[in-house]
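Have a look at the structure below before the remarks.
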Number of protein chains: 2
Amino acid sequence: MDDGVQHPTPDPVAEAVRQIRAHGERVTVARTAVLRVLADADEHLSADAIFAAVSRAAPGVHRTTIYRALDALERLDLVAFTRLRHDAATYHLAGHLVGGARVYVRCRVCGTVGHAPGDLLDDVAFRLAAEQGFALDPTAVALTGRCARCATPT
Amino acid sequence: MDDGVQHPTPDPVAEAVRQIRAHGERVTVARTAVLRVLADADEHLSADAIFAAVSRAAPGVHRTTIYRALDALERLDLVAFTRLRHDAATYHLAGHLVGGARVYVRCRVCGTVGHAPGDLLDDVAFRLAAEQGFALDPTAVALTGRCARCATPT
DNA sequence: GTCCATATGCAACAGTGTCGCATCTGGCCG
DNA sequence: CGGCCAGATGCGACACTGTTGCATATGGAC
C-alpha cells in the first residue's frame, strides 16, 4: 500500500518484551508465548485459538492465564481486540508493533474478515477530535457490512 | 445539531409495526413491547435492560422471547446492536426509524457513549465500496477511543 | 368461529470470560 | 549463587450472555 516506514520493529515480540520491562511488569513464559502466537499468526485470533496455539508451544498454560496475559498486554497497549456481532473477541498485536494500523472489516453474511488501509479512518478521527475532543482508537474499530460477494445477491 | 429532515416518522413504533406487517411477519405483544421500550429510551440498551423494561410494561414475557424478538427485528432492519469491549450487546432502533443514522462512540476509559452525525462514515463507506466492493453498514459500527475528559490525563 | 403457521414459555444447555485462593516464579538484592 | 517477595500462574468453580428443543398459545386469514 503506502511505502516508506513499514517496519518499525524487525521483531514485534522482542519490542513488546522490551516495553513490558520498561513498564516494570514481568516477562513470563505465558505472556511471551501469547505474543509469539499473535506475531506468527499476524491475524486476529480468538482467545480460544490463542489458547490452543500456546498449548502447542508451551503445554501446561492454563486457559485463565491466556485471558490474564491478554488483559495485561492490552493494558500496556501491546495487544488490542475487536468484537464483531455475537462472536468471541478477536485479539491482535497493537498497530505500532506491526508497522501501521490496519482496520478490520467483516462481512455480516459470510463472516469473512478483511483488511483496509490504516489511514482509512484518519479523517474520521480528525473530525471526532475537532468536533468533540474524542480520541479515536483505530485499532479497536470493527467495521461491519457486506463483502463484495455478498453485497450483490438477487 | 443539523436541522432539516429530522423526523421521518412521527412514531417509530407505528412505522416499525407497519414494516413488520409489510414483510408478512407477525406483530406480537413482545415485539411491540420491545420496540416501545427502545423508542422510549431512545438509547442503546442491553438485552437485560430491555427485558427488565418490557417485564414492567408486559409482565410474563420470557427472557428468551426478548432475544428472539430482537433477532427478528434485526433481520427486518428495524433494530441494530453494537458490541463494545467485553460488555453485553446494546440494541437500538435502526437509524431510518429515528431520523437519520447515528454513529456511536464509546470512551474506553469511562464507558460513556456519545453520538456522532450519521454522515461521519460516508467517505469511509465510499472508499470501502470503491476499493473492495464492501458495503459498510453504518448502523452496526462501534467506534472506541477516549472521550474529551479522559483523553488528556496526566 | 376455526384453522394453521409461527411466536412464546420453559428449562436446560453452550460458550466466553472472571474470581478466589494456594502455589510457583520472575526479578532483585545481598 | 542463593534467598526473598510481589506478582503471575494453575486450578476449580462461578457469572453472564445468548441459544436450542419441544410443547403450548396466539396472531392473522378464511
Side-chain angles (χ1 to χ4, degrees), chain A residues 16-35 37 44-55 57-76 78-91 108 111 142, chain B residues 16-35 37 44-55 57-76 78-91 108 111 142:
Chain A
V17 166
R18 224 166 49 79
Q19 295 200 20
I20 295 175
R21 285 225 171 77
H23 281 267
E25 299 237 1
R26 290 195 190 163
V27 177
T28 66
V29 178
R31 290 176 181 183
T32 314
V34 167
L35 287 169
V37 165
H44 20 246
L45 298 174
S46 69
D48 195 59
I50 296 171
F51 173 54
V54 168
S55 293
V61 174
H62 200 270
R63 202 171 62 92
T64 305
T65 303
I66 301 294
Y67 282 106
R68 287 198 269 228
L70 287 169
D71 196 59
L73 295 172
E74 198 208 332
R75 277 200 314 273
L76 299 176
L78 300 171
V79 162
F81 72 91
T82 55
R83 219 105 159 58
L84 299 160
R85 292 198 61 83
H86 283 161
D87 297 336
T90 54
Y91 300 82
R108 67 148 63 177
Chain B
V17 166
R18 223 166 47 83
Q19 295 199 22
I20 295 175
R21 285 225 170 77
H23 281 266
E25 300 238 0
R26 289 193 189 164
V27 176
T28 67
V29 179
R31 291 176 179 183
T32 314
V34 167
L35 287 168
V37 165
H44 18 248
L45 297 174
S46 69
D48 195 60
I50 296 170
F51 172 54
V54 167
S55 293
V61 174
H62 200 270
R63 203 171 61 92
T64 305
T65 304
I66 302 294
Y67 283 105
R68 286 199 269 230
L70 286 169
D71 194 60
L73 294 171
E74 199 208 332
R75 277 199 315 272
L76 299 176
L78 301 171
V79 162
F81 72 90
T82 56
R83 217 100 160 58
L84 300 161
R85 294 198 62 82
H86 283 162
D87 298 336
T90 54
Y91 300 82
R108 68 149 61 177

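Only this structure's heavy atoms are used, side chains among them; waters, hydrogens and symmetry mates stay out. Each chain gets a letter, A, B and so on, in the order the sequences are listed, and its residues count up from 1.
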[X] has an atom [atom1]; how far is it from atom [atom2] of [N], in whole Å?
X       : N      : atom1 : atom2 : result
A:Ile50 : C:dT16 : CD1   : C1'   : 13 Å
B:Arg75 : C:dA7  : CZ    : C1'   : 11 Å
B:Leu45 : D:dT17 : CG    : C1'   : 16 Å
B:Leu76 : C:dT6  : CG    : P     : 14 Å
A:Asp71 : C:dG17 : CG    : P     : 11 Å
B:Phe51 : D:dC16 : CZ    : C1'   : 14 Å

On the nucleotide D:dT19, are OP1 or OP2 found under 4.0 Å from the side-chain N or O atoms that B:Tyr67 carries?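 No.
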Phosphate contact (C:dT18 OP1 or OP2) by B:His86 side-chain N/O below 4.0 Å: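 Answer yes for this pair, as a side-chain N or O of B:His86 is under 4.0 Å from OP1 or OP2.
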Would you check if [X] and [Y] make a side-chain contact, meaning some heavy-atom pair closer than 4.5 Å?
X       : Y       : answer
B:Leu78 : B:Gln19 : yes
B:Phe81 : A:His86 : yes
B:Val34 : B:Arg31 : no

Which residues share a salt bridge (Lys or Arg N to Asp or Glu O under 4.0 Å) with B:Arg18, sequence neighbours left out: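 Partners of B:Arg18 under the salt bridge (Lys or Arg N to Asp or Glu O under 4.0 Å) test: B:Glu15.
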Enumerate the protein-to-nucleotides 1-3 of chain D contacts in which both atoms are nitrogen or oxygen and the separation is below 3.5 Å.
none

Using a cut-off of 4.0 Å between protein heavy atoms and nucleotide atoms, how would you tag nucleotides 19-30 of chain C 5' to 3' with B, S and -? BB----BBS---
If you take all heavy atoms of A:Arg26 and A:Ile20, which pair is closest and at what distance?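 It is O-CG2, 3.5 Å.
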Can you give me the closest heavy-atom contact between A:Val61 and A:Phe51, atom names plus distance?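 Residues A:Val61 and A:Phe51, closest heavy atoms: O-CE1, 3.3 Å.
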Would you state whether a donor and an acceptor, one from the side chain of A:Arg63 and one from the base of C:dG17, lie under 3.5 Å apart?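 Yes, a donor-acceptor pair under 3.5 Å.
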Between A:Arg21 (side chain only) and A:Glu25 (backbone N and O only), is there a donor and an acceptor less than 3.5 Å apart?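 No, because the side chain of A:Arg21 does not come within donor-acceptor range (under 3.5 Å) of the backbone of A:Glu25.
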Minimum-distance nucleotide to A:His62 side chain [options: D:dC11, C:dT16, C:dG9]: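 The closest nucleotide is D:dC11.
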